[in-house]
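This report concerns only the one structure given below.
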Amino acid sequence: MVSEEEIRARLERAGQSHLLRFWAELEPAGRASLLSELALLDPDELREHCQQAAAACAREQGPLERLDSRMQPVQPEFLGSVRKSDPQTLQRWEEEGFHQIAQNKVAVLLLAGGQGTRLGVSYPKGMYRVGLPSGKTLYELQAERIRRVEQLAGHRHNTSCIVPWYIMTSEFTLKPTVEFFKENDFFQLDPANVIMFEQRMLPAVSFNGQAILERKDKIAMAPDGNGGLYRALVDNKILEDMERRGIEYVHVYCVDNILVKMADPVFIGFCVLKGADCGAKVVEKAYPTEPVGVVCKVDGIYQVVEYSEVEVETVQRQDESGNLVFNAGNICNHFFTRSFLQIVTREFEPLLKSHVAIKKIPFVDEDGNLVKPLKPNGIKMEKFVFDVFQFSKNFVAFEVLREEEFSPLKNSDSANKDNPTTARQALLAQHYRWAVRAGAHFVDENGVRIPEQPSILGTKNPPVLCEISPLVSYFGEGLEVYLKDEEVHSPFILDENKAKLLEKA
Ligand SMILES: CC(=O)N[C@H]1[C@@H](OP(=O)(O)O)O[C@H](CO)[C@@H](O)[C@@H]1O
């Protein structure tokens, strides 16, 4: 263990000696835990981090350097689209994707280090149940989608294949996530193919550049943003693990989207056939001011501009035909080749800018009292996963259908959107559409058919309850065998057992 003297000297060098101001009052256990926390912080990095945070915050509060006039939309030739492509093209992309998956060249990587503050839970978001009839959590749905996509690729290519699942957690989420997976027997995945690793944490900093103590013996730390991925890949030798497994393509996604199509063969195939090193899935924005980032070019270079970084006039701008100019909403689903990730981690990571989040950070005041501030009092510095797009040599964007692929769980039900209810509705409406398209007829308790709404969107409750296990169907495929001309009652849960029964019947 590093000695108290050594830590004092380091903090002096970093200009952060105040972090030991309650030392005399601490019990041995508190002293030990504070020392071990401080021992992890490099003094030069700590000094720079605190100075940068204060400087970036001062800049933010001054006149904003607006991006608006420098933005251009994605050029059509770099934008693939599910809606605008013919079935043969979509099929070619899908085949290519399955071909790559079957050769064990595709991995999925989940960004799950966030704290779920807006959702208002103290456990990892992936463990959240949105209230589906099956009671499944987000993690369970995702695990089942991986198993299904492995099966589908395996059947097509007469092989058995693995899509490894890399899960980036943080100090907040690692332990509960590991425990949850163990309790659930890794949802029948082989634990050797579920690789959890931790992103770094950074101290939260006051407006005058001082790291904040959240207790007398603890610094207020926050994960370094989803762009902390690139350092975490290095810290945990993840790219080496991918290389050993022969992974060439990585689908990175955010934990909160209940409709996420993991290792989506169509997206993977599109990116591979376009020779892309980096790609992003997008959806048309639901309304001009929707709080999503937009994929666009700034000064000719691809990037995502977050909704908070532009004027409302810019997000509302329309072209001659009345379409939004900046309409490529980022859904935090990215494609990277392993070699691109290698270049990024080796050369470009230090160039990624830090974004400033001004937050209310609980702290101990000079007298040692715990304070929950009512106004923002500090800065968290975060990197963003998409800030590497600028280094891509061949970037592509891929527009998918919102109702099939995007419904994020950001807020609790006290907000009116992106909450557990909207997520549940989006999934159940999707499963209802699939069932109806496969030929199912829902009937009421008297055997009378309930009028069908085959195109119902996820913004409304479907007329009946229908949930389909991802182990039976991943994107609506293969349901006719069970459902064609079948009369079914609500609630209808199509899991593997039910599927076997229906197949026999
Ligand atoms: C840094 C980052 O990845 N921001 C993403 C991410 O936003 P969060 O508000 O950080 O969850 O997910 C959004 C989609 O759910 C996407 O629009 C946005 O650009």
Side-chain angles (χ1 to χ4, degrees), residues 67 71 74 109-121 124-126 128 130 138 142 168 170 172-173 199 202 222-232 251-262 278-296 298 302-310 314-315 324 326-336 344 352-359 380-390 397-412 415 417-420 422-423 426 458:
L67 299 173
M71 287 166 63
V74 182
L109 193 155
L110 165 61
L111 303 170
Q115 274 177 290
T117 331
R118 281 179 282 170
L119 182 58
V121 293
K125 259 190 187 181
Y128 196 85
V130 299
L138 295 179
Q142 293 175 17
M168 183 172 82
S170 68
F172 297 123
T173 57
Q199 69 182 110
L202 290 171
D224 56 355
N226 59 15
L229 170 67
Y230 306 105
R231 288 182 88 163
H251 176 203
V252 173
Y253 70 102
C254 224
V255 69
D256 60 17
N257 176 11
I258 195 168
L259 300 182
V260 62
K261 280 176 75 180
M262 309 165 63
C278 174
K281 263 192 190 182
V282 297
V283 293
E284 287 183 352
K285 285 205 285 184
Y287 51 97
T289 53
E290 186 184 14
V292 289
V294 289
V295 178
C296 61
V298 175
Y302 279 108
Q303 73 171 66
V304 175
V305 174
E306 285 290 50
Y307 50 93
S308 49
E309 296 173 334
V310 280
T314 306
V315 298
L324 283 183
F326 298 107
N327 204 14
N330 175 39
I331 62 167
C332 205
N333 263 250
H334 309 310
F335 167 93
F336 299 117
V344 165
L352 294 180
K353 80 166 192 181
S354 289
H355 298 256
V356 175
I358 297 181
K359 304 256 170 161
K380 291 184 180 175
M381 296 281 273
E382 296 185 336
K383 290 191 169 175
F384 289 171
V385 64
F386 49 64
D387 276 342
V388 300
F389 291 179
Q390 58 180 313
F398 190 62
E399 186 181 281
V400 297
L401 302 176
R402 172 185 290 266
E403 67 272 23
E404 293 295 332
E405 304 216 20
F406 184 53
S407 177
L409 177 62
K410 306 276 185 201
N411 309 309
S412 71
K417 58 178 187 300
D418 300 343
N419 60 30
T422 57

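Residues take their numbers from the sequence shown, with the count starting at 1. Counting starts at 1 for both ligands and their atoms, in listed order. Here the structure is a predicted model, which means the values were calculated and not measured.
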Examine distances only and state if a side-chain atom of Asn419 and a backbone atom of Asn411 form a donor-acceptor pair shorter than 3.5 Å. no
Under 3.5 Å: donor-acceptor pair, side chain of Thr173, backbone of Ala112: yes
Mark up the atoms of ligand 1 that fall under 4.0 Å of a heavy atom belonging to Val292, in ascending order. 17 (O)
Glu404: which residues meet the side chain to side chain contact (heavy atoms under 4.5 Å, CB included) condition with it, sequence neighbours left out? Leu401, Gln430, Arg433, Trp434, Arg437
Are His355 and ligand 1 in contact, using a heavy-atom cut-off of under 4.0 Å? no
Do Leu110 and Tyr253 touch side chain to side chain, with heavy atoms closer than 4.5 Å? yes
Using the ring of each side chain (for Trp, its six-membered ring), is His355 parallel, tilted or perpendicular to Phe384, with breaks at 30° and 60°? parallel
Interfacing atoms of ligand 1 (cut-off 4.0 Å, heavy-atom, Phe386): 1 (C), 2 (C), 3 (O), 4 (N), 19 (O)
Any idea which of His334, Glu382, Arg118 brings a heavy atom closest to atom 10 (O) of ligand 1? Arg118
May I ask you to list the atoms of ligand 1 that are less than 4.0 angstrom from any heavy atom of Asn226? 1 (C), 2 (C), 3 (O)
Closest to atom 17 (O) of ligand 1 among Asp256, Asn330, Val252 (heavy-atom distance): Asn330
Quick check on Cys254 - does any of its heavy atoms sit under 4.0 Å from an atom of ligand 1? no
Backbone or side-chain N or O of Val304 under 3.5 Å from ligand 1 N or O: no
Are any of the N or O atoms of Glu306 closer than 3.5 Å to those of ligand 1? yes
Sequence-distant partners of Asp224, salt bridge (Lys or Arg N to Asp or Glu O under 4.0 Å), two or more places apart: none
Taking atom 8 (P) of ligand 1 as the reference point, the nearest protein heavy atom with its distance: Lys410 NZ, 3.6 Å
Candidates Phe389, Tyr302, Phe398 - the one meeting ring pair (Phe, Tyr, Trp, His ring centres under 6.0 Å) with His334: Phe389
